[in-house]
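Encoded as C-alpha cells, the structure appears first; notes follow it.
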Amino acid sequence: MFGQRWTEGAVPLALAVLLSVLVTIVTPVGAGDAPLVLDEVAEKGLVVVGLTLVLVGGGIDLSVGSVVGLVSLGAMVASRAWNWPMALVIPAAVLVGAALGAVNGFLIARVNMRPFITTLVTLVAFGGAAAALQSAYSLPLGLPREDIVWDFLGAGEVAGIPTGWFVFAVALVVVHVGLTRTRWGWWIAAVGSDRRSARRNGIPVTHVVFATYVLSGALAGGAGLLTAARLGRTDPDVGQGWELMALTAVVLGGVSLKGGRGSVLRATVGIVVVQVIQQGTIAAGAEGSAYTVILAAVLLLFAVLDLKWGKYRRTTAEKLRIDPGRVTLGPLADVTEPGTVWTVNDRTTGATPIGLGRIEGAEDCAVDREGRMYCGDRRGWIWRFSGPEDTEGEVFSRTGGMPLGHAWDREGRLLVAVGGMGVYRVHADGDTELLANKVRRSPFSLLDDSGLRAVDDLDVTADGAVYVSDFSTRTNAAEYMVELVESRANGRVVRIDPDGSTEVVISNHVFPNGVCTSHDGMSILVASTGLCRVDRLWTSGPKQGRMEPVLENLPGHPDNINRSSDGNYWLPFVSMRTPMSDLLTRYPAVRRRMTREVPLDSWVVPQLNVSCVMKFSDEGEILDVLWDSTLANHPMVTAVKEHDGHLYLCGVSNNRVGRLALRPEEIGPIDPAAVPGTKAAVAPEVHR
C-alpha cells in the first residue's frame, strides 16, 4: 500500500477531510450553508485547478488572485462602460486571463526567471492595474445594467444545476482527463518531476511550462467572470487573498509543492475544506483576520506534512518491499550418504556442450523432430542449432524480453514464456505473435496483478490450452532471488485458451516455477521452488479442479518439469537445501534484516550451482538422480528436455546447453515433446 502513488496524497487529504468535519462540529455551520460553500467552490475551484497544473509542472503562481480581480473589473468595464455585447465579453475575459498567464509563462519559461519572484511581482502589477481601472471607470461601474446573460452566469441554471457549478464541473473533468489520460498531461508530470530528464527524453519543456501558466491564467479569468456575474459588482479587492486559499487547497489535496505529482480531483476536495473553514469562521462570528491566520497555519502544517510524509512513505515502502514468510520444511536428506538414490555421482559430467560461449543463460530449450534445438538467451534472443554438431548456431528470433520456458503446441509451433512480456508463439520465420500478457485484475488487490511479468515455464494440453507458471505478481523475472528469499504466496498458474482468453487456475502459490502436462493428459504438475515440492492439478475427469501433492520435502528447490520417453518425468534442482538455509526459512525477521543490510550477492540462500537432475514417476517415486560432482561444465541445471535418446541440459547461468546420451534401458517409445493425448505423442521410432 505504501508503494502505491495514490498514497502520496491520501494521508494529507484524509486529514483535510477530518479537519473540515471538526469545523462543522465546533461551529454553527451546517447543511444549510452548502449552497454558499459550493458557490465559492465553483469560482475558486477554477483557480485551484489552474494552480494544480502549474504545481504539477514544477512551478508556482502567486498572481492568480490578482488575475481574478483584474479580469473581473475588466469584464464589468467592457460591459457597462464600453457597452460590449456579452458574446464578446465572455471570450475576452478568458483570453485576457490567458494573456496575463502568458506574461508569467514567458518570463518563467523563456527568460528563465524564478517562478516565485516572477509571480509575486505580477501579483502586485496586476493588482495595481485593477486599481487603476477601478479609478478610471468608477462612475459607470456603479450604474447597474440589466443583461440576461449576466443574470444567467450569476443566477441561472443548466439542467437544474447552477451555472457556476456546471462550468466548474466541466472544467474539472476536462483538465482531469487531460492530466491523467493524455500525452500532454504526462509531459507536465515529467517536467515537474525532473526537468532535465524530460528534456533529454524529447519533451518540449519550455512549451509545457508556458502552457501551464497560460491555462492557469485562463481559468483564473473564468473565475473572475463568474465572480463578477454572481456579485453584480466588483472592486479591486476581489481576488485578494485567493492565492493563499488556492495554495492551502492544493496542499490539503496532496498536490506536491515540489512538482511532479498531484490531482485536480483531490485539489477540489481541498478547496471544499478551505471553504468549509471559511464558512465556519463566519458562522462563529470570528474576525476576518482570524480566517487568514487559520489558513496560514493550515498551509504551514500541511506543507511540512507534505515534505515529511513523502519522505517517510518512500522509506517505509522500501523497508517493507521484501517481507519474508515463515516456511518449515521436513528433515533434510543427506546426499553425501553412499548407497542412496540421492548419492552424488558423475552422470552429467560428460555432457557434450552445444553453443559453448555463444549462449548466455538458456533457462530452457525445445528440440523439434528434425533435431534442431531452440533455446533462449538472457539478451532476449532465441538461438537455433541445426544439430549436435552445429557449434555456432544462429539467432532465430529476438523477443525483447527474457525467453524462459519453451514448448511445442499441437501444430508443432514453438511457444515461449518471455519474462517481463508474456507468452508468445514463434513462427517458422522467427516472427513472434503474442498469445497473452495479462489476466483479469483481482478486484480487491492493491497491486495491479493483471500483467504476466514473471512467466517462466509452460506446457500444452490436448484441447490446445496453454498452462503457464507466473512465479510472482509483485516482482519481475529478473528478481527471482527476491522470491527465493521471501517465500511468500505471490505466484500463480494461468490457463490460456486457444481463443486468447486467460484464467488463473492456481492462485497464492509459493514460487511456482515449472509446469508439465501429465502423460495421460488429465492433470498438470506444478513445481514449487519455494516449498520444495511438486503438486498435481487435475484439469479433467472426476477430480477436475482438485490439487494434491506428488512430491514433498525434496532436498532441493525444483525448477522446470518435463516428460520422459518412458512415461516418467525429469526434474532439475536450481539449488539444494542446506542446514543454514533451512534454519533461515523459520526466521523471517532474520531474512528481512539480511535483505536490508547485505548486498544481494551476499544473501544467504540455498546452495546454487548444484547440477542435479532427478527422474520421478506419476506416483511420486524417485527413480534416478543424475549429478555432475565436478560442477565444471553444467553447474546450474534449470531445465531438462529429452529427445532421441539424449538429455538436453539447460541452465540460466550457463554459457552452453549440454547433450547427454541416455542408457538404452532409460529410453521409452513416447515422444516427450508431443502434446499428450494427440497422435504425435507416441514416436514411430526411437534411436537407441
Side-chain angles (χ1 to χ4, degrees), residues 325-333 341-342 405 407 439 455-463 465-473 483 487-497 502-564 566-574 577 582 585 613-625 639-640 670 672 675-677 681:
R326 184 187 303 274
V327 178
T328 303
L329 301 173
L332 178 60
V341 69
W342 294 108
V439 297
V455 291
D456 56 3
D457 194 24
L458 73 170
D459 208 351
V460 184
T461 54
D463 60 358
V466 179
Y467 286 85
V468 57
S469 56
D470 183 19
F471 71 76
S472 178
T473 58
E483 288 297 321
S487 295
R488 280 202 176 273
N490 300 323
R492 59 191 174 184
V493 175
V494 177
R495 172 188 169 106
I496 305 172
D497 289 317
T502 57
E503 177 188 3
V504 177
V505 294
I506 301 176
S507 59
N508 302 320
H509 207 332
V510 179
F511 208 151
N513 198 20
V515 174
C516 177
T517 305
S518 63
H519 282 283
D520 61 10
M522 298 184 65
S523 63
I524 61 169
L525 302 178
V526 182
S528 171
T529 299
L531 297 180
C532 302
R533 61 184 291 149
V534 176
D535 295 292
R536 183 191 306 276
L537 173 68
W538 292 95
T539 57
S540 59
K543 296 183 179 180
Q544 183 174 359
R546 186 185 306 175
M547 278 189 68
E548 57 186 34
V550 177
L551 293 168
E552 297 181 275
N553 197 41
L554 292 169
H557 297 263
D559 209 321
N560 297 1
I561 310 174
N562 288 289
R563 293 177 296 276
S564 66
D566 60 357
N568 297 304
Y569 304 91
W570 295 107
L571 176 66
F573 291 101
V574 68
R577 292 163 52 191
D582 277 12
T585 60
V613 178
M614 79 174 205
K615 179 188 282 188
F616 68 95
S617 67
D618 265 312
E619 291 74 29
E621 180 185 1
I622 310 299
L623 303 174
D624 200 4
V625 180
V640 177
I670 301 172
V675 178

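All values below come from the heavy atoms of this structure, side chains included, with hydrogens, waters and symmetry mates left out.
- Minimum interatomic distance between Ala639 and Pro572 (heavy atoms only, all atoms of both residues): N-CG, 3.6 Å.
- Atom OG of residue Ser564 and atom NE2 of residue His519 lie 5.0 Å apart, to the nearest 0.5 angstrom.
- When all heavy atoms of Val510 and Leu531 are compared, the pair lying nearest together is CB-CG, 3.7 Å.
- Each of Leu551, Leu525, Val526 was checked for a side chain to side chain contact (heavy atoms under 4.5 Å, CB included) with Arg536, and the lone residue meeting it is Leu525.
- The shortest heavy-atom contact between Asp618 and Val550 is O-CG1, 4.0 Å.
- The CZ atom of Phe616 sits 8.5 Å away from atom CG of Asn568, with the distance rounded to the nearest 0.5 Å.
- Thr517 places no side-chain N or O within 3.5 Å of a backbone atom of Asp459 that could act as its donor or acceptor partner.
- Counting only N and O atoms by type, the side chains of Ser469 and Asp456 include a donor and acceptor under 3.5 Å apart.
- In this structure, OG1 in Thr461 is found 5.5 Å from CZ in Arg495, a value given to the nearest 0.5 Å.
- Not one N or O on the side chain of His557 forms a donor-acceptor pair closer than 3.5 Å with the backbone of Gly530.
- Once rounded to the nearest 0.5 Å, the distance linking CG of Asn562 with NZ of Lys615 reads 13.0 Å.
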Derivation of the salt bridge (charged side-chain N to carboxylate O under 4.0 Å, His left out) call for Arg577 and Asp582: CA-CA 7 Å; Arg577 292 163 52 191; Asp582 277 12; 2.7 Å; yes

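- In terms of modelled atom types and a separation under 3.5 Å, the side chain of Asp457 and the main chain of Val515 share a donor-acceptor contact.
- With hydrogens and angles disregarded, a donor-acceptor distance shorter than 3.5 Å links the side chain of Thr529 to the backbone of Pro558.
- Taking all atoms of both residues into account, the shortest heavy-atom contact from Pro512 to Arg492 is CG-N, 3.5 Å.
- Asn508 CG to Thr473 OG1: the interatomic distance, rounded to the nearest 0.5 Å, is 8.5 Å.
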Trace of the side chain to side chain contact (heavy atoms under 4.5 Å, CB included) decision for Val505 with Leu537: CA-CA 9 Å; Val505 294; Leu537 173 68; 3.9 Å; yes

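- Each salt bridge (charged side-chain N to carboxylate O under 4.0 Å, His left out) pair with one or both residues in residues 521-535, not counting sequence neighbours, appears once here: Arg533-Asp535, Arg533-Glu552.
- Here the side chains of Pro331 and Asn553 are in contact, with some heavy-atom distance below 4.5 Å.
- Between the side chains of Tyr569 and Arg563, no donor-acceptor pair of N or O atoms lies under 3.5 Å.
- Note that the CG atom of Asp559 and the CZ atom of Phe573 stand 10.5 Å from one another [nearest 0.5 Å].
- When every heavy atom of Thr539 is checked against every heavy atom of Ser523, the shortest pair comes out as OG1-N, 3.6 Å.
- Shortest non-hydrogen contact noted between Ser528 and His509 is CB-CE1, 3.6 Å.
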Thr328 vs Thr585, side chain to side chain contact (heavy atoms under 4.5 Å, CB included): CA-CA, chis, key distance, verdict: CA-CA 7 Å; Thr328 303; Thr585 60; over 6 Å; no

